[in-house]
Amino acid sequence: GTVRGISRWDGRRFDNFTTAHGLAGNNVMDIYQDRAGYIWIGTGSGVSRWDGKQFERYTTSQGLANNYVNRICEDKSGTLWFANPGIGLSRLDDGRRFSRFLIPADGVTLENINALWPASDSSVWVGFGVGGVARIVGTNVTAYTPATGLAASYAFTGVEDQDGVIWIGHDGDVSLFDGHAWSSLLL
């Protein structure tokens, strides 16, 4: 993905796609493949779903909280989550309708959602540019900050390893959460 659309390599050549081909926007922020095989493309003008032949566009008209979508993930139950910086999250509940998921803003700056990833315990994690990270389980949100053991208040990226440990990437260190307590690694 680029600021000029997306490109797909077919093994011989690149095919380029833009708004002229049905993409929601040319400024591509994230690309995600769901478990059904659809490719989801987050842009500054909405999100598109590629079925292998054509794009389907989703915007605020279909219920997205905001057309700016910079991160996409799918949780354990198959629900798709879309990060809308400045707003929070949009969730595609039944494969057709979006709902807005608000994150309590205590110490969190929703302007900068850097990371969004699922965990094997059915939770979804959100990493912020300011304010740490949040763990979402159902409708409950738990915020983690340096005051609760996180190494830094900003999170560039995150992932869960095969042992269920959450890794949060900061500038110069990594926070690890084993489900009970935080630790950190200085890089």
Side-chain angles (χ1 to χ4, degrees), residues 1-101 103 109-120 124-130 133-134 136 154-162 166-171 174:
T2 70
V3 295
R4 294 186 179 142
I6 58 172
S7 298
R8 180 185 65 178
W9 175 253
D10 68 4
R12 294 175 293 133
R13 63 183 176 88
F14 281 102
D15 291 319
N16 300 306
F17 300 98
T18 66
T19 55
H21 302 94
L23 192 62
N26 288 332
N27 193 9
V28 175
M29 307 307 219
D30 198 19
I31 302 173
Y32 181 83
Q33 184 172 21
D34 69 19
R35 66 181 71 175
Y38 293 113
I39 304 291
W40 293 86
I41 302 105
T43 77
S45 303
V47 67
S48 294
R49 185 185 77 176
W50 172 257
D51 65 5
K53 296 178 183 173
Q54 64 186 9
F55 291 103
E56 186 170 349
R57 293 181 194 184
Y58 299 90
T59 65
T60 54
S61 297
Q62 287 78 34
L64 268 176
N66 185 322
N67 284 334
Y68 189 93
V69 176
N70 73 331
R71 298 288 177 264
I72 305 168
C73 81
E74 182 176 19
D75 68 20
K76 190 175 178 179
S77 71
T79 299
L80 286 162
W81 295 77
F82 303 87
N84 303 118
I87 302 289
L89 302 172
S90 293
R91 188 173 61 195
L92 190 57
D93 294 313
D94 61 2
R96 295 207 169 269
R97 285 185 312 210
F98 288 92
S99 64
R100 186 173 172 182
F101 191 90
I103 299 170
T109 301
L110 296 176
E111 298 297 321
N112 198 357
I113 299 175
N114 291 337
L116 182 66
W117 71 97
S120 60
V124 172
W125 289 77
V126 185
F128 300 99
V130 176
V133 297
I136 302 167
Y154 50 88
F156 291 125
T157 190
V159 69
E160 179 186 37
D161 69 19
Q162 71 271 9
I166 299 295
W167 293 62
I168 312 289
H170 308 287
D171 186 17
V174 174

Quick check: does any side chain N or O of [X] sit under 3.5 Å from a backbone N or O of [Y], one acting as donor and the other as acceptor?
| X | Y | answer |
| --- | --- | --- |
| Gln54 | Gly22 | no |
| Asn84 | Tyr68 | yes |
| Asp34 | Glu74 | no |
| Arg71 | Asn114 | yes |
| Asn26 | Thr19 | yes |
| Ser48 | Ala24 | yes |

If I compare all heavy atoms of [X] with all of [Y], which pair ends up nearest, and what's the gap?
| X | Y | answer |
| --- | --- | --- |
| Ala155 | Ile168 | CB-CG2, 3.5 Å |
| Phe98 | Gln62 | CD1-O, 3.4 Å |
| Arg91 | Asp93 | NE-OD1, 2.7 Å |
| Ile113 | Ala83 | CG2-CB, 3.7 Å |
| Gly25 | Thr43 | O-CG2, 3.3 Å |

Residue from [options] passing side chain to side chain contact (heavy atoms under 4.5 Å, CB included) with [X]:
| X | options | result |
| --- | --- | --- |
| Trp81 | Leu89, Leu92, Ile72 | Leu89 |
| Val47 | Thr59, Ile41, Leu23, Leu64 | Leu64 |
| Cys73 | Asp30, Leu80, Leu116 | Leu116 |

Assign the ring pair Phe156 / Tyr154 to parallel, tilted or perpendicular, where the plane angle (0 to 90°) is split at 30° and 60°.
-> tilted
Examine the side chains of Asn16 and Ser7 and answer whether a donor and an acceptor come within less than 3.5 Å of each other.
-> yes
Would you call Asn112 and Val130 a side-chain contact if the rule is heavy atoms closer than 4.5 Å?
-> no
Evaluate the side-chain proximity of Phe82 to Tyr58: yes if any heavy-atom separation is below 4.5 Å, no if none is.
-> no
How long is the span from the CD1 atom in Ile166 to the OG atom in Ser120, to the nearest 0.5 Å?
-> 7.5 Å
Step by step, would you call Trp125 with Ile136 a side chain to side chain contact (heavy atoms under 4.5 Å, CB included)?
-> CA-CA 6 Å; Trp125 289 77; Ile136 302 167; over 6 Å; no
Does the distance from a Lys or Arg side-chain N to an Asp or Glu carboxylate O, for Asp51 and Lys53, drop under 4.0 Å?
-> no
Report the C-alpha distance between Val126 and Phe101 in whole Å, list the side-chain angles of each, state the deciding distance to 0.1 Å, and finish with yes or no for side chain to side chain contact (heavy atoms under 4.5 Å, CB included).
-> CA-CA 12 Å; Val126 185; Phe101 191 90; over 6 Å; no
Crowding at OH, Tyr32 (>12 non-hydrogen neighbours, <6.0 Å) | yes
Given the rule in the salt bridge (charged side-chain N to carboxylate O under 4.0 Å, His left out) test, do Asp15 and Arg8 qualify, once you have shown the distances and angles that lead to the verdict?
-> CA-CA 5 Å; Asp15 291 319; Arg8 180 185 65 178; 3.1 Å; yes
